[in-house]
Structures are given as structure tokens and as C-alpha cells.
Chemist: 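Here it is: the structure, laid out below.
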Protein chains: 2
Amino acid sequence: MENVRNMFQIMSRNFGLLSEQCCDSCCGQEVSLVQSHILYEINRQHNPSMQDIAVALGMDITTFSRQVKTLADKGFIKKSPHPSDQRITILSLTPEGLTVENAINLTVNTQLNGVLSTMSEFERETVLRSIQLFNDAMQRSATCCVPPK
Amino acid sequence: MENVRNMFQIMSRNFGLLSEQCCDSCCGQEVSLVQSHILYEINRQHNPSMQDIAVALGMDITTFSRQVKTLADKGFIKKSPHPSDQRITILSLTPEGLTVENAINLTVNTQLNGVLSTMSEFERETVLRSIQLFNDAMQRSATCCVPPK
DNA sequence: TAAAATTATTTGCATTTTGCAAGTATATAG
DNA sequence: CTATATACTTGCAAAATGCAAATAATTTTA
């Protein structure tokens with residue numbers, strides 16, 4: 001059993017730094033890293049509620065509530081009432097929010113593809129397949145990757 | 001060009017959640033996630049200065065300085081003067097700090113190995129080799145993974 | 001070699017983020 | 001209908017953040 005954590009820690013840190021940089025360079029200081037995660041996740045899910053996104057990101061709901069308010073005030077997120085349950089708020093990106101999310105997405109992808117371009121075609125495909133494999137395995141695991149509490 | 005960010009984003013988030021959980025379960029509220037990163041990095045480098053660690057983690061030096069103070073007060077870190085340059089502070093883990101770091105490391109590794117154990121031997125090796133490959137490629141890249149500013 | 005510029009770290013703020021406890025509002029169960 | 005549960009918001013108070021400025025120790029340079 002080698003030290004697996006090492007590799008993940010480094011990868012994770014690098015990706016985090018990259019994301020932060022992209023986040024800055026795309027849209028100035030308009031959105032923080034956590035806010036970009038929120039935009040990302042709203043864009044990925046289908047008509048998500050507040051809970052859905054907060055759970056997916058493993059964020060405390062009260063902190064999340066405030067971040068959503070900030071993003072809504074900035075005009076990047078729209079909060080709509082659930083049609084049949086008035087307690088629930090459905091989140092969606094506004095056109096401006098989508099623009100920001102797309103800009104970040106493009107920049108991150110460009111950076112990552114730049115890194116991947118230094119590999120052979122075979123290596124590149126192996127790497128991508130591996131990450132998918134690992135994500136699937138994480139998904140299957142019950143004990144880990146469950147948001148705290 | 002597929003959406004590479006997706007995979008990394010998910011992997012990174014999962015690993016982050018896992019680390020946070022491990023951090024909690026190992027040592028209660030004794031150390032936060034960022035503090036665990038600091039312990040990790042000090043343990044990895046050889047006689048690192050404050051700058052070394054702050055840069056490696058992409059942290060603002062002033063925030064870092066305070067976190068180091070907190071960890072030193074908790075007795076997990078020792079600050080020693082550099083032998084030939086009095087401006088520099090060399091960081092090291094105390095025995096207690098090392099114990100905490102080892103506990104976190106063990107827990108994270110155990111969790112990760114649990115996830116990996118659901119794969120075939122071949123898949124597992126491919127995944128680990130891939131991550132190493134990717135980290136190396138990140139290392140080579142000049143444009144990305146450079147701490148902001 | 002003395003003043004100027006550089007480097008490493010710390011401190012003073014003011015802002016932002018965080019999370020627990022408690023509150024409000026809506027829906028469901030008994 | 002009352003009681004309980006669910007979804008979200010607010011009131012704090014603590015922690016984390018980062019810029020500007022301070023301090024302290026080297027180097028550079030004129």
C-alpha cells in the first residue's frame with residue numbers, strides 16, 4: 001500500500017490553485033472560488049433546490065444561504081419558488097450567471113487541456129478514463145465522500 | 001475536447017470532503033482543513049521556511065503567518081531561526097504535530113484504499129499511475145498551477 | 001561603508017466567511 | 001386541528017482573509 005493520499009493531495013491542490021486563478025482571470029474579482037463552485041453545481045443539476053446544491057457541495061446550509069443571496073444580488077442566480085411546495089426555492093443561473101460560469105469553464109478546460117497536451121494521446125486517454133473510474137468508485141463508496149453530518 | 005473540468009471538479013470535491021471528514025474524525029476540532037494542509041506540507045518538505053510552505057499552498061503570507069501561530073500555540077509546530085539568516089523562520093512538526101499528521105494521513109489513506117479496493121488490480125494500478133502522470137504534467141506546465149500573484 | 005533597496009515575517013485593521021442556535025414559514029402526520 | 005417535520009433565513013460571535021504598513025535582517029549600490 002503506497003501513499004495514495006500524497007498523489008491526491010497534490011492533484012487536488014493544483015486543481016484548486018488553477019481554478020482560483022481561472023476564476024480571477026475570467027471575471028475579475030466578481031466571484032470567489034466557493035461562489036464559482038455554486039454556479040458550477042447549479043448549472044449541472046436540473047432545477048435544484050437550495051438543499052440539493054448545499055448537500056452536493058457539502059456546505060453548511062446557513063453559509064450557503066448567504067452565498068446564494070450574494071450571488072442573487074450580483075444578478076448571477078435566480079431564486080424561484082417551487083410550484084407545489086412553497087418552502088422550497090429553486091435555483092437557476094441568470095444569463096449573466098451562465099456567462100460567468102461558461103467563461104470559468106472555458107478557462108479551466110483550456111488550462112487543463114494545455115496540461116494534457118504534453119502527454120501522448122494514449123496517456124491522455126488513460127488519465128481521463130482513470131479519473132472517471134475513480135469518481136465512479138467514490139460514488140459507490142458509502143463510507144466516504146459523504147458530506148459531513 | 002470533452003469537458004475535462006467536470007471530472008477534476010468532482011474528484012477534487014470528493015477528495016476535499018473526504019479529507020475534511022478524516023480531519024474531523026482523527027482529531028476532533030483540533031485542526032481545521034487548512035491547518036491539516038499546513039501540517040502535511042511541513043512534513044513533506046525538508047527544513048522549510050514560512051515562505052516555502054505558504055507558496056506551496058498558494059496561501060497569502062499574512063494569513064499563513066497567523067495560522068502558523070495558532071498551530072504553534074497548540075503545540076503542533078515548532079518555529080526555529082535559520083542558522084545563517086535571521087530573517088527566516090524554519091518550520092517543523094513537534095512530536096504531537098507529527099502524531100496528528102500521521103493520524104490524518106492514515107485515515108485518508110485508509111479511506112482512499114477502501115475506494116480503490118472496489119477496483120481490479122489492473123484498474124487500481126492504472127489509476128494511480130495516471131494521477132502521477134497528471135501531477136508530473138502539471139509540474140511541467142508553467143502557465144498553470146502557479147500560486148496566484 | 002553608509003544609505004537604499006530587497007527579503008522574511010508580523011501586526012493593524014476592516015471585511016468576509018463560517019456555523020450554531022433560534023426564528024419563520026410551509027407542508028405533512030396523527 | 002394540533003404536533004412534527006422540512007426548507008430556508010437571521011442573529012450572533014468566532015474564525016479566516018488580505019491589503020497596507022511596520023519591523024527586522026540581509027544585500028546592493030553608489
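Reminder, nothing fancy here: chain letters follow the sequence lines and each chain counts from 1. All values below were derived from every heavy atom in this structure, side-chain atoms included, with hydrogens, water molecules and symmetry-related copies excluded.
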Chemist: Is A/Ser65 near enough to D/dC8 that one of its side-chain N or O atoms lies under 4.0 angstrom from OP1 or OP2?
Modeler: no

Chemist: Below 4.0 angstrom from OP1 or OP2 of C/dT10, is there any side-chain N or O of B/Lys79?
Modeler: yes

Chemist: Mind checking whether B/Leu57 and B/Met138 sit in one hydrophobic cluster, side chains of I, L, V, M, F, W, Y counted as touching below 4.5 Å?
Modeler: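 Yes, B/Leu57 and B/Met138 fall within the same hydrophobic cluster.
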
Chemist: Is the distance from OP1 or OP2 of D/dT6 to the nearest side-chain N or O of A/Gln51 less than 4.0 Å?
Modeler: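 For D/dT6, neither OP1 nor OP2 has a side-chain N or O of A/Gln51 closer than 4.0 Å.
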
Chemist: Is the closest side-chain donor-acceptor distance between A/Ser12 and B/Ser12 under 3.5 Å?
Modeler: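 Short answer, yes.
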
Chemist: Between the base of C/dC20 and the side chain of A/Thr62, is one N or O donor paired with an acceptor at under 3.5 angstrom?
Modeler: yes

Chemist: Go through the N and O atoms of the side chain of B/Arg87 and the base of C/dT9, and report whether any donor-acceptor pair is under 3.5 Å.
Modeler: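 Looking at the base of C/dT9, it does not pair with any donor or acceptor on the side chain of B/Arg87 (distance under 3.5 Å).
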
Chemist: Can a side chain N or O of B/Gln67 be found less than 4.0 Å away from OP1 or OP2 on D/dT17?
Modeler: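 Affirmative; the distance criterion is met.
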
Chemist: Taking the nucleotide of DNA chain C with the nearest heavy atom to each, does A/Gln86 or A/Thr63 sit closer to the 5' end?
Modeler: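 Looking at the nearest nucleotide for each, A/Thr63 comes out on the 5' side.
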
Chemist: Hey, does B/Ser84 reach any base, or is it just sugar-phosphate, or nothing, if we go heavy atoms under 4.0 Å?
Modeler: sugar-phosphate

Chemist: Assess, by modelled atom type and distance only, whether the side chains of B/Gln132 and B/Asp136 contain a donor and an acceptor separated by less than 3.5 Å.
Modeler: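 Their side chains do contain a donor-acceptor pair, which is all the 3.5 Å distance test asks for.
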
Chemist: By nearest atom, which of the nucleotides D/dT26, D/dC8, C/dG12 is closest to the B/Asp85 side chain?
Modeler: D/dT26

Chemist: How about B/Phe15 and B/Phe8: are their ring centres within less than 6.0 Å of each other?
Modeler: no

